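Every value quoted in this text rests on a predicted model; they were computed, and no experiment measured them. Proteins get letters first, then strands, A, B, ... in listed order; numbering begins at 1 in each.
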2 protein chains.
Amino acid sequence: MTTGLAHAELIAVLSAVTGDEPRVMTVRSGNALPSGPFELEHRSLQAGLREWVRDQTGHPVGYLEQLYTFADRDRTRENAEVRTISISYLGLVREQAAPGARSPGWHGWYEYFPWEDHRRGRPDVLSCIVEGLQGWVAAEPARREHRQRRVDFTFGLEGAAWNEDLTLQRYELMYEAGLVTEAGSPAHDGQGREMFADHRRILATGIARLRAKIKYRPVVFELMPESFTLLQLQRTVEALAGLTLHKPNFRRLIDQQELIEETGETTSETGGRPAKLFRYRYAVLEERALAGSKLPLSRN
Amino acid sequence: MTTGLAHAELIAVLSAVTGDEPRVMTVRSGNALPSGPFELEHRSLQAGLREWVRDQTGHPVGYLEQLYTFADRDRTRENAEVRTISISYLGLVREQAAPGARSPGWHGWYEYFPWEDHRRGRPDVLSCIVEGLQGWVAAEPARREHRQRRVDFTFGLEGAAWNEDLTLQRYELMYEAGLVTEAGSPAHDGQGREMFADHRRILATGIARLRAKIKYRPVVFELMPESFTLLQLQRTVEALAGLTLHKPNFRRLIDQQELIEETGETTSETGGRPAKLFRYRYAVLEERALAGSKLPLSRN
DNA sequence: CCTTTTATACTCGAAATGAGTATATCCGGC
DNA sequence: GCCGGATATACTCATTTCGAGTATAAAAGG
């Protein structure tokens, strides 16, 4: 009988931003994402993951969102009778202190994806990657044009702008072209650190999701301390997006959205003129239709 | 041993728009969404669902996107040894003709969610629902204020605008307040048709996802015939959003996005002056960074 | 007290948006 | 053959938002 019996596994992409660097919680010295089986006693998938992370790492998880579920025939198990279903989650945590029982490791996103950080200009690795992709483009003459357009679009070449949201598409394109490898294949140097099985792909999914989400939902605040300066907030967004932002316009955007309010205090730890401290207005969660309509509505 | 053995089940929300009415494919005379077990011979979850739908209904599925995965302890199975993991997908199909072996049924979204269709003004059911919700708000004095804000925001009361994207939140709020029921509980009249198990909740998830998505990704075209008029396109978007749109501005929006091009032909089936026919420019898929940055970028 | 550094405030033209009006082209009846 | 009803398409205009840049304020250090 072929009825769908499967192992269920939960995998977490837990991120924080410390010192203007976005980081992810890892196990096995940075080679894998934390994961564990979904057990019978768990109330729900989300609850299962929460408990599991708390037990393993001592970290409280604030925001938690499902990322993706997939089932591949053959991964670690050779057994064809039972398949593994992997359910991945994206979680945001405020700090990385307080390590629990088996203290987790934290690693910068851009160790795994060095081409994704454009804060100090276009990374050098990119020229290397694009060169490799050109080989792939040329490899199949029939699809040449199509592949070229795909590369140009995904990596922001030929007049197209770099789109930070396309992290996953870029990774998948590189994977298709044989420029990056998953688990166990021969390594490519300088194109980012590898991870166990498809964990690097899952991390790419998480990064892409978070980069898209910060634009229309106030999730950045899950990563901020209780009070913060406007520049700290900007640096955090920049770290996630891998881009530098226009300071005056960023501030205008923030305050016209009325997401934050002054605490009344200031800090002079920043060097020059003391900066006002702000806090997130939790009230917005239930107050406003965040992300307006974008459809041209009619009266009546 | 408590290791995570589970049944995997695939559930599909397949939607089409016919005659300006958004519809969903159902089985059991509209009481359930099509679903089936994930089998060992399937290459992947998505492939499994595709095959399965084709076999069962003879329908080709174009666009297909994962919706949500959940695991509940006790649904149909009383057995505590094995749990069911349900993986739901949203699919868009172009037509509803050509029924396959066991021809599927099609039912309008708004049979299940009559309060979600605002094209002909605020539906009457809404006053009924809001009244019911007021009872729930008053029921627990300690949380009164919080609940009231949540109701006002979710249903667009007290100056807040109706937000068509909140379909799922509205359903969940009504569920929490005991106004709608899932499988087998006593029925509430006039508050929409019920469905088997949690299928109605899954449908709400699909509707919400699609309503959000049409705003920043050109997925509507998956529901359109090869060539169409601008008004047909507008009516389709309106059907999905459950809202009426401003015609001149809708057209401006469409053509400044350069998503479509004229076929050169016209149709006079519409009554008055013949309308130009358009077709979707598939090139856009690989051409442009759809959905611009929204972050205030800086030079350099 | 002047320079450096960071913070905050203001300006201005270009583009997008909300709302409405005007013109074109067909059909059917007279 | 012409006129009104119906639908399609085109244009206008004030307002808001957005990209980009400049100016002023308040601390620290020599």
Side-chain angles (χ1 to χ4, degrees), chain A residues 20 161-164 215-216 227-238 241 243-279 288-300, chain B residues 20 161-164 215-216 227-238 241 243-279 288-300:
Chain A
D20 296 345
W162 172 263
N163 185 340
E164 79 280 3
K215 289 177 199 158
Y216 61 95
S227 72
F228 48 85
T229 71
L230 289 176
L231 191 59
Q232 275 168 18
L233 182 61
Q234 181 179 342
R235 293 285 180 245
T236 303
V237 174
E238 287 176 337
L243 292 170
T244 55
L245 304 181
H246 188 270
K247 188 149 126 182
N249 290 349
F250 178 78
R251 300 163 91 100
R252 176 172 63 187
L253 190 76
I254 294 299
D255 81 36
Q256 86 190 12
Q257 303 212 113
E258 297 183 288
L259 296 173
I260 60 176
E261 62 193 2
E262 300 184 15
T263 65
E265 288 166 43
T266 62
T267 178
S268 44
E269 286 170 17
T270 48
R273 168 176 172 178
K276 288 181 190 166
L277 285 170
F278 292 82
R279 80 167 72 87
R288 203 153 37 86
L290 300 154
S293 199
K294 263 212 146 191
L295 289 174
L297 302 181
S298 68
R299 302 284 92 202
N300 151 49
Chain B
D20 297 344
W162 173 263
N163 185 340
E164 77 280 4
K215 288 178 198 156
Y216 61 95
S227 72
F228 48 84
T229 70
L230 289 175
L231 191 57
Q232 275 168 18
L233 181 62
Q234 181 180 343
R235 293 285 179 245
T236 303
V237 174
E238 288 176 336
L243 293 170
T244 54
L245 305 181
H246 187 268
K247 188 149 127 182
N249 290 349
F250 177 78
R251 301 164 90 100
R252 177 172 62 188
L253 190 76
I254 294 298
D255 81 37
Q256 87 189 12
Q257 304 211 113
E258 297 183 289
L259 295 172
I260 60 177
E261 61 193 3
E262 300 186 13
T263 65
E265 288 166 42
T266 61
T267 177
S268 43
E269 285 170 17
T270 47
R273 171 175 172 177
K276 289 182 190 164
L277 285 170
F278 292 82
R279 80 168 71 86
R288 205 155 35 87
L290 300 153
S293 198
K294 262 212 147 192
L295 289 174
L297 302 182
S298 69
R299 300 287 89 200
N300 151 49

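- When rounded to the nearest whole Å, the span between CZ of B/F250 and C1' of C/dA19 equals 17 Å.
- Side-chain contact between A/K247 and A/L230 is absent, with no heavy-atom pair separated by less than 4.5 Å.
- Here the P atom of nucleotide C/dT8 and the CG atom of A/L231 are 9 Å apart, to the nearest Å.
- Comparing C/dG20, C/dA19, C/dC10 against the side chain of B/P248 picks out C/dG20 as the nearest.
- Taking the side chain as every heavy atom from C-beta outward, B/D255 and B/R251 never approach each other to under 4.5 Å.
- When the C1' atom of C/dG18 is taken as reference, atom CZ of B/R251 falls 17 Å away, rounded to whole Å.
- In this structure, A/F278 and A/I254 have side chains that are not in contact, with every pair of non-hydrogen atoms separated by 4.5 Å or more.
- Summarising the geometry, the separation between CG on A/L233 and C1' on C/dT8 is reported as 15 Å, rounded to the nearest angstrom.
- When the P atom of C/dG20 is taken as reference, atom NE2 of B/H246 falls 6 Å away, rounded to whole Å.
- Atoms CG (A/L295) and C1' (C/dT17) sit 13 Å apart, rounded to a whole Å.
- Using five terminal pairs a side, the axes of the helix from C/dC1-D/dG30 to C/dC30-D/dG1 at its two ends make an angle of 20°, given in steps of 10 degrees.
- Residues A/L245 and B/L297 form a side-chain contact, since some pair of their non-hydrogen atoms from C-beta on lies under 4.5 Å apart.
- Here the C1' atom of nucleotide C/dT8 and the CG atom of A/N249 are 14 Å apart, to the nearest Å.
- On the nucleic acid side, DNA chain D contacts chain B at distances under 4.0 Å to non-hydrogen atoms, with the end points of that region at D/dA6 to D/dG21.
- Listed by chain and number, the residues in a side-chain contact (heavy atoms from CB on, under 4.5 Å) with B/Q232 are B/M224, B/F228, B/T229 (sequence neighbours excluded).
- Atoms CG and CZ, from A/L231 and A/F250 in turn, are 9.0 Å apart once rounded to the nearest 0.5 Å.
- Where A/L277 and B/R252 meet DNA chain C, the nucleotide closest to each residue was compared, and A/L277 sits on the side nearer the 5' end.
- Applying the side chain to side chain donor-acceptor pair (under 3.5 Å) criterion to A/E261, with sequence neighbours excluded, gives A/R279.
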Below 3.5 Å between N/O atoms, which protein atoms pair up with nucleotides 22-30 of chain C? Just atom names and distances, please.
from	atom 1	to	atom 2	distance (Å)
C/dA24	N3	B/R273	NH1	3.0

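- Take the nearest nucleotide of DNA chain D for B/L297 and for B/K247: the residue whose nucleotide is more 5' is B/K247.
- In this structure, B/V237 and A/L295 approach most closely via the heavy-atom pair CG1-CD2, 4.2 Å.
- Residue A/L277 holds its CG atom at 5.5 Å from OG1 of A/T267, rounded to the nearest 0.5 Å.
- Atom P of nucleotide C/dT8 and atom CD1 of A/I260 are separated by 10 Å, given to the nearest angstrom.
- Shown here are the side-chain contact (heavy atoms from CB on, under 4.5 Å) partners of B/R252, two or more places apart in sequence or in another chain: B/N249, B/Q256.
- Taken from NE2 in B/H246 to CG in B/L253, the straight-line distance is 12.5 Å, to the nearest 0.5 Å.
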